[in-house]
Chemist: 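Just passing along the structure, written as structure tokens.
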Amino acid sequence: MPAASDFERMLRGVSLRVTRPRLAVLAAVHGHPHADTDSLIGFVREDLGGVSHQAVYDVLRALTTAGLLRRIEPPGSVARYEARVGDNHHHVVCRSCGAVADVDCAVGPAPCLTASDDHGFTIDEAEVIFWGRCPDCTTALTS
């Protein structure tokens, strides 16, 4: 995980002031990829003590808008946040427990990743979600 000075550099790099809540949220997301907002609020409170829900929501929105975080929302799931930004990676989601993991961009012939009709859009990202069961849930089903 990056050091506090790295988080400070990240914030300054996108012209955001360095504040304790912003540093705490960055640390929480880096330490707990794909965490939901309620979990992140808990992690930030462990670090800072009393901080409001709204403060964490505001920081998440600012960091996402600035491109330091990415918000994902798999169908049927609450919003989750990750620090892996700037690439076109995808996710695999467990149908049983909801665990989420990163999957690098699909390789090889994948015709579904090229839009058959872009309708004039300049496409810069494709969102793919792979669904299945994580190893723990698969083991539980076969035991």
Side-chain angles (χ1 to χ4, degrees), residues 1-116 118-141:
M1 185 165 79
S5 60
D6 295 323
F7 294 140
E8 291 174 9
R9 239 184 324 280
M10 288 176 195
L11 290 167
R12 287 186 182 106
V14 293
S15 300
L16 288 177
R17 283 182 328 146
V18 175
T19 65
R20 290 184 68 222
R22 287 177 178 163
L23 293 172
V25 169
L26 275 173
V29 175
H30 277 266
H32 307 278
H34 309 117
D36 60 60
T37 308
D38 286 340
S39 298
L40 291 170
I41 290 168
F43 298 133
V44 170
R45 284 184 173 164
E46 286 174 15
D47 187 21
L48 294 181
V51 63
S52 71
H53 281 74
Q54 191 60 51
V56 174
Y57 280 106
D58 290 346
V59 169
L60 287 168
R61 185 173 26 261
L63 297 178
T64 301
T65 299
L68 294 178
L69 299 181
R70 181 179 177 194
R71 179 181 191 268
I72 63 167
E73 195 168 350
S77 174
V78 297
R80 297 167 179 266
Y81 293 86
E82 64 182 351
R84 185 174 170 185
V85 297
D87 67 353
N88 192 26
H89 75 278
H90 308 298
H91 298 94
V92 59
V93 180
C94 179
R95 290 184 188 280
S96 297
C97 71
V100 178
D102 290 335
V103 176
D104 287 334
C105 196
V107 295
C112 63
L113 295 181
T114 302
S116 61
D118 63 17
H119 299 277
F121 284 66
T122 300
I123 298 173
D124 60 15
E125 182 177 12
E127 185 172 316
V128 175
I129 299 174
F130 299 93
W131 295 91
R133 287 194 171 68
C134 70
D136 290 342
C137 291
T138 299
T139 300
L141 280 175

Chemist: With side chain to side chain contact (heavy atoms under 4.5 Å, CB included) as the criterion, how do V29 and L40 come out once you've worked through the C-alpha distance, each side chain's angles and the decisive distance to 0.1 Å?
Modeler: CA-CA 7 Å; V29 175; L40 291 170; 3.8 Å; yes
Chemist: Given L68 and L11, is the side chain to side chain contact (heavy atoms under 4.5 Å, CB included) satisfied, shown in steps?
Modeler: CA-CA 8 Å; L68 294 178; L11 290 167; 3.9 Å; yes
Chemist: More than 12 heavy atoms of other residues, nucleotides or ligands under 6.0 Å from CZ of R20: is that the case?
Modeler: no
Chemist: Supply the atom-to-atom distance D36 CG to H34 NE2, rounded to the nearest 0.5 angstrom.
Modeler: 12.5 Å
Chemist: Tell me the closest heavy-atom pair linking F43 and A28, and the distance in Å.
Modeler: CB-CB, 3.9 Å
Chemist: Could you please spell out the steps behind the side chain to side chain contact (heavy atoms under 4.5 Å, CB included) verdict for I41 and Y57?
Modeler: CA-CA 9 Å; I41 290 168; Y57 280 106; 4.3 Å; yes
Chemist: Are side-chain heavy atoms of L69 and L60 found at a separation under 4.5 Å?
Modeler: yes
Chemist: Would you mind reporting whether V93 and S77 have side-chain heavy atoms less than 4.5 Å apart?
Modeler: no
Chemist: Enter the distance from L63:CG to L26:CG here, rounded to the nearest 0.5 Å.
Modeler: 5.0 Å
Chemist: Are any non-hydrogen side-chain atoms of V18 and F7 less than 4.5 angstrom apart?
Modeler: no
Chemist: When rounded to the nearest 0.5 angstrom, what distance separates OH in Y81 from NE2 in H30?
Modeler: 14.5 Å
Chemist: Between D102 and E82, does a side chain to side chain contact (heavy atoms under 4.5 Å, CB included) hold up when you go through it step by step?
Modeler: CA-CA 10 Å; D102 290 335; E82 64 182 351; 3.1 Å; yes
Chemist: Quick check: closest heavy atoms across L16 and A66, and the distance to 0.1 Å?
Modeler: CD1-CB, 3.9 Å
Chemist: Assess the residue pair R71 and E73 against the criterion (salt bridge (Lys or Arg N to Asp or Glu O under 4.0 Å)); give the C-alpha distance rounded to whole Å, side-chain angles, the decisive distance to 0.1 Å, and a yes or no.
Modeler: CA-CA 7 Å; R71 179 181 191 268; E73 195 168 350; 3.1 Å; yes
Chemist: Rounded to the nearest 0.5 Å, how far does CG of D58 lie from CZ of R22?
Modeler: 9.5 Å
Chemist: Between CG of D47 and CG of L23, what distance do you get to the nearest 0.5 Å?
Modeler: 9.0 Å
Chemist: Measure across I129 and P74 and return the closest heavy-atom pair with its distance rounded to 0.1 Å.
Modeler: CD1-CA, 3.8 Å
Chemist: Looking at C94 and C134, what are the two nearest heavy atoms and their distance?
Modeler: SG-N, 3.2 Å
Chemist: Using 0.5 Å steps for rounding, measure from the OG atom of S96 to the CG atom of L141.
Modeler: 5.5 Å
Chemist: Flag the pair P2 / R9 as yes when at least one side-chain heavy-atom distance between them is below 4.5 Å, and no otherwise.
Modeler: no
Chemist: Using a 4.5 Å cut-off on heavy atoms from C-beta on, say whether the side chain of I72 contacts that of V100.
Modeler: yes
Chemist: Check the orientation of H91 and H89. Use parallel for under 30°, tilted for 30 to 60°, and perpendicular for over 60°.
Modeler: perpendicular
Chemist: Do any N or O atoms from the side chain of R133 and from the backbone of R95 form a donor-acceptor pair under 3.5 angstrom?
Modeler: no
Chemist: How close do G67 and V85 get, heavy atom to heavy atom, and via which atoms?
Modeler: O-CG2, 3.3 Å
